[in-house]
Amino acid sequence: MNISWEELTARIQACTACPLSRSITNKVPGQGSHSARLMLIGEGPGAQEDLEGLAFVGAAGQLLTKMLAAINLTREEVFIANIVKCRPPGNRVPLPQEAETCLPFLRAQTALIRPRIIMLLGATALKTLMGEDKRITACRGKWIISKGVYIMPTFHPAALLRDPGKKRPAWEDLKLVRDKLAELESSEASTS
Ligand code: SF4
């Protein structure tokens, strides 16, 4: 898909390619900087996100905002999206077929943004993008480098709310992202 933001957003809004479109209030395409160096990818919209048409605006989203602030980033500086653009009923995990159907939209967004770092928030984002056999507990905190992009799997903020014991490792992952952003910035500055 090689298209403009306007065309891409229009296609997402009009999409009925999977059954998730039938039970939603709003599409949630994702939002943030179109030239973000850091992109965050979660699972799918929840109830609040569905109401507002915005990604990560519920309790997990508020925690994500605080986590970003802890590494001196605002939501406006990053791009926040999900694997699926429509809320799965009852907040269930998107089916693999639904995720596959929606994936071209996320891939097109990623191609337009060209982020240097992608954080995969939770098991669904990890498995959908990196393979069904991947486990978040085993992969988190370790860089995956794909086509020049640094990919950091970590826990979903909702998992941190359910299990505060995951907050410390998530903070360690976030510090790796902070340090990698600084490293990339300084190497870009020295070559320009
Ligand atoms: Fe289309 Fe994605 Fe919504 Fe399914 S989840 S209807 S593929 S926009």
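These numbers come from a predicted model, not from an experiment. Whatever order the structure lists ligands and atoms in, that order sets their numbers, starting from 1.
Taking only non-hydrogen atoms, the option from Pro94, Ser21, Pro104 nearest to atom 6 (S) of ligand 1 is Ser21.
Interface of Cys102 with ligand 1, defined as ligand atoms under 4.0 Å from a residue heavy atom, comprises 2 (Fe), 5 (S), 7 (S), 8 (S). Which parts of ligand 1 touch Cys15 is read off a 4.0 Å heavy-atom cut-off, strictly below it: atoms 1 (Fe), 6 (S), 7 (S), 8 (S).
For atom 4 (Fe) of ligand 1, the set of nearby N, O or S atoms under 2.8 Å includes one belonging to Cys18. In summary, Cys86 places no N/O/S atom under 2.8 Å from atom 2 (Fe) of ligand 1, failing the contact criterion.
Checking side-chain atoms of Lys180 against main-chain N and O of Met152 turns up no donor-acceptor pair under 3.5 Å. Panel note: side chain Ser21, backbone Ala17; no donor-acceptor pair is recorded below 3.5 Å.
Arg116 has a carboxylate O that lies under 4.0 Å from a charged side-chain N of Glu188, or vice versa, which qualifies the two as a salt bridge.
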*Show your working on salt bridge (Lys or Arg N to Asp or Glu O under 4.0 Å) between Arg87 and Glu43 and close with a plain yes or no.*
CA-CA 10 Å; Arg87 181 194 181 201; Glu43 178 179 293; over 6 Å; no
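Counting non-hydrogen atoms of neighbouring residues, nucleotides and ligands closer than 6.0 angstrom, the CZ atom of Arg92 exceeds 12 such neighbours.
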